[in-house]
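This report concerns only the one structure given below.
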Amino acid sequence: LIMSFPNNETLQIIEKLYKQKGGSLYKLAKESGIAYSSLNNMFLRNTQPSLHTLEHICKGLGISMSDFFRDEIRDECIYALSSSDLRFAL
């Protein structure tokens with residue numbers, strides 16, 4: 001039995017937050033002022049966003065950086081991810 005977990009917590013939280021707001025990666029790109037291709041590549045390559053990029057992403061999400069790093073938000077997203085995005089394979 002192999003379990004696969006999300007391996008970039010920051011990207012998983014960003015994805016969860018923009019989906020909770022009914023958005024898409026394209027909409028987040030427009031609202032954050034980051035090129036869609038840059039955001040898409042960040043997710044495809046599973047790369048950690050820089051603090052500068054994360055600041056723009058938070059602006060696009062309508063939250064502050066301090067909100068993003070609040071334990072309550074991160075814990076809520078991580079709990080939701082662990083219960084809904086956990087995949088099992090034989």
Charged N to carboxylate O below 4.0 Å: is that the case for Glu55 and Lys59?
no

Quick one: are [X] and [Y] in side-chain contact, heavy atoms under 4.5 Å?
X: Ser38; Y: Thr53; answer: no
X: Phe69; Y: Thr10; answer: no
X: Asn8; Y: Thr47; answer: no

Shortest non-hydrogen contact between [X] and [Y], atoms and distance:
X: Ile14; Y: Pro49; value: CD1-CG, 4.2 Å
X: Tyr26; Y: Tyr36; value: CA-CD1, 3.7 Å
X: Leu61; Y: Lys21; value: O-CE, 2.7 Å
X: Gly60; Y: Glu31; value: O-OE1, 3.1 Å
X: Phe43; Y: Leu11; value: CE2-O, 3.4 Å

Using 0.5 Å steps for rounding, measure from the CE atom of Met65 to the NE2 atom of His56.
10.0 Å

Side chains of Ser64 and Asp67 only: does a donor on one sit below 3.5 Å from an acceptor on the other?
yes

What about Leu44 and Ile13, same hydrophobic cluster or not, with Ile/Leu/Val/Met/Phe/Trp/Tyr joined at side-chain heavy-atom distances under 4.5 Å?
no

side-chain contact (heavy atoms from CB on, under 4.5 Å) between Met42 and Ile57, intermediate numbers included
CA-CA 12 Å; Met42 187 173 59; Ile57 291 169; 3.7 Å; yes

